[in-house]
Amino acid sequence: MPFRWEHGGVDTAEIEVFLTLAEELHFGRTAERLRMPQPRVSRLVSALERRVGGALFERTSRRVRLTPLGEQLRDQLQPAYKDLTAALDGARATARDTAGVLRIGFSPTSSMTVLTRLTGAFEARNPGCHAVLDGVSNLDPYSALRRGELDVLVNWLAVEEPDLTVGPVLESVLLEELADRDVALMTPPFPPALYDAIIPPRTPSGRVIHRSHPVRSIHELVALVAQGRIVHPTATGIPMFARDDICLVPISDMSPLPLGLIWCTAHHNARIEALAETVQALRREVGPRPRSIGR
């Protein structure tokens, strides 16, 4: 992070070397303290003297001492440099700090068992941080992330959004063959990539899957399934599909659809990173979960 000098840019390395040499008054000790070669110390001091337009040190074979100009520059730079280093140290500490609240979004089709296990493990690993769960719309899962209302989203990892980062997989569910039955027609703002991952346009054998029934909410979708008008692929254990009027039938032979973390790239912070590390730890402990079709 460079300073801006009246007659050109000044590298903070030049200032650090100058202030250290002003304290040590010895090029060798300065180089050792800063862990850099002594010739580089000399070059940085000379570069700063050229910028200033005068000698900052008197150098002899026996000693090094500040010139009056060097003393003036030292006295003026020290307070500003201390403030700068303190500000940078504070920013680094904040960036590494996981304390606070992590707002985790989830869709209605997310497994609450998985979410409970994730938040419990995260808070155990990060005792200074509290995880808060908040539901999002199945049809518009990313808007709350973009508005900054959520830090991270637990959702199916079929994402083609340039401003979003896809994090680690929390669990993987396996799709089997989906017969060419009528299914829900998901309309914008439902993400197209996620739609194709959940309900592909064709089965592996090439049969067309009829996206014939427009839906505006997950509750309308569940009602259509219960009425026998559509089928819908979903993971096992989703509470809203655990109904007497809905039958879950296993399906197979399609690509995995992983559940994991998604966040706005520009909003990345230490709490999100800590949650991602928790997911990776949990992932090593659990295996895939089967997927079913509701009808």
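Small disclaimer: the values here were computed from a predicted structure and weren't measured.
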Supply the atom-to-atom distance [X] [atom1] to [Y] [atom2], rounded to the nearest 0.5 angstrom.
X    : Y    : atom1 : atom2 : result
L118 : L259 : CG    : CG    : 9.5 Å
K82  : L84  : NZ    : CG    : 13.5 Å
L115 : T119 : CG    : OG1   : 7.0 Å
L261 : I272 : CG    : CD1   : 9.0 Å
S217 : D140 : OG    : CG    : 13.0 Å
I246 : F241 : CD1   : CZ    : 6.0 Å

Could you tell me whether [X] atom [atom1] has more than 12 heavy atoms of other residues or ligands within 6.0 Å of it?
X    : atom1 : result
E220 : CD    : yes
R40  : CZ    : no
E160 : CD    : no
R92  : CZ    : yes
R59  : CZ    : yes

Shortest non-hydrogen contact from [X] toward [Y]:
X    : Y    : answer
N155 : S107 : OD1-OG, 3.5 Å
A184 : I199 : O-CD1, 3.9 Å
A158 : Y142 : O-OH, 3.8 Å
F27  : V41  : CD2-CG1, 3.7 Å
L56  : E49  : N-OE2, 2.8 Å
P141 : P191 : CD-CD, 3.5 Å

message: Would M186 and L221 count as a side-chain contact (heavy atoms from CB on, under 4.5 Å) here? Give the steps.
response: CA-CA 10 Å; M186 314 297 284; L221 187 152; 4.1 Å; yes
Is it the case that the side chain of [X] and the backbone of [Y] share a donor-acceptor pair, with hydrogens and angles ignored and the cut-off at 3.5 Å?
X    : Y    : answer
R103 : G148 : yes
Q280 : P168 : no
T98  : N126 : no
T265 : D163 : yes
D97  : A93  : no

message: Apply side-chain contact (heavy atoms from CB on, under 4.5 Å) to residues R146 and L164 and explain how you reach the verdict.
response: CA-CA 9 Å; R146 293 184 169 120; L164 300 182; 4.1 Å; yes
query: Any ion pair linking D196 and R211 (charged N to carboxylate O, less than 4.0 Å)?
result: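 Salt bridge present between R211 and D196.
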message: Determine whether D151 and R271 satisfy the following criterion, salt bridge (charged side-chain N to carboxylate O under 4.0 Å, His left out), listing intermediate values before the conclusion.
response: CA-CA 9 Å; D151 296 303; R271 290 184 290 276; 5.2 Å; no
- prompt: Quick one: do the T20 and T30 side chains pair a donor with an acceptor below 3.5 Å?
  reply: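 T30 and T20 do not have a side-chain donor-acceptor pair below 3.5 Å.
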query: Hey, mind stepping through I104 and W263 against side-chain contact (heavy atoms from CB on, under 4.5 Å) and telling me if it holds?
result: CA-CA 10 Å; I104 304 173; W263 62 84; over 6 Å; no
Side-chain touch Q72/P68, heavy atoms, less than 4.5 angstrom: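 A side-chain contact is absent here, since even the closest heavy-atom pair is not under 4.5 Å.
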- request: Please examine the side chains of L44 and M36, heavy atoms only from C-beta on, and report whether any two atoms are closer than 4.5 Å.
  value: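 Yes, at least one pair of side-chain atoms sits under 4.5 Å.
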message: Consider side-chain contact (heavy atoms from CB on, under 4.5 Å). Of L157, V154, L150, which one does I262 pass it with?
response: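 With I262 as partner, L157, V154, L150 yield a single side-chain contact (heavy atoms from CB on, under 4.5 Å), made by L157.
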- prompt: Who pairs with R74 by side-chain contact (heavy atoms from CB on, under 4.5 Å), at least two apart in sequence or on another chain?
  reply: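 If we apply the side-chain contact (heavy atoms from CB on, under 4.5 Å) test to R74, skipping adjacent residues, the hits are F18, L19, A22, L66, E71, Q78.
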- request: In sequence, state the C-alpha distance, the side-chain angles, and the governing distance for L25 and R63, and then conclude on side-chain contact (heavy atoms from CB on, under 4.5 Å).
  value: CA-CA 7 Å; L25 296 177; R63 68 175 184 175; over 6 Å; no
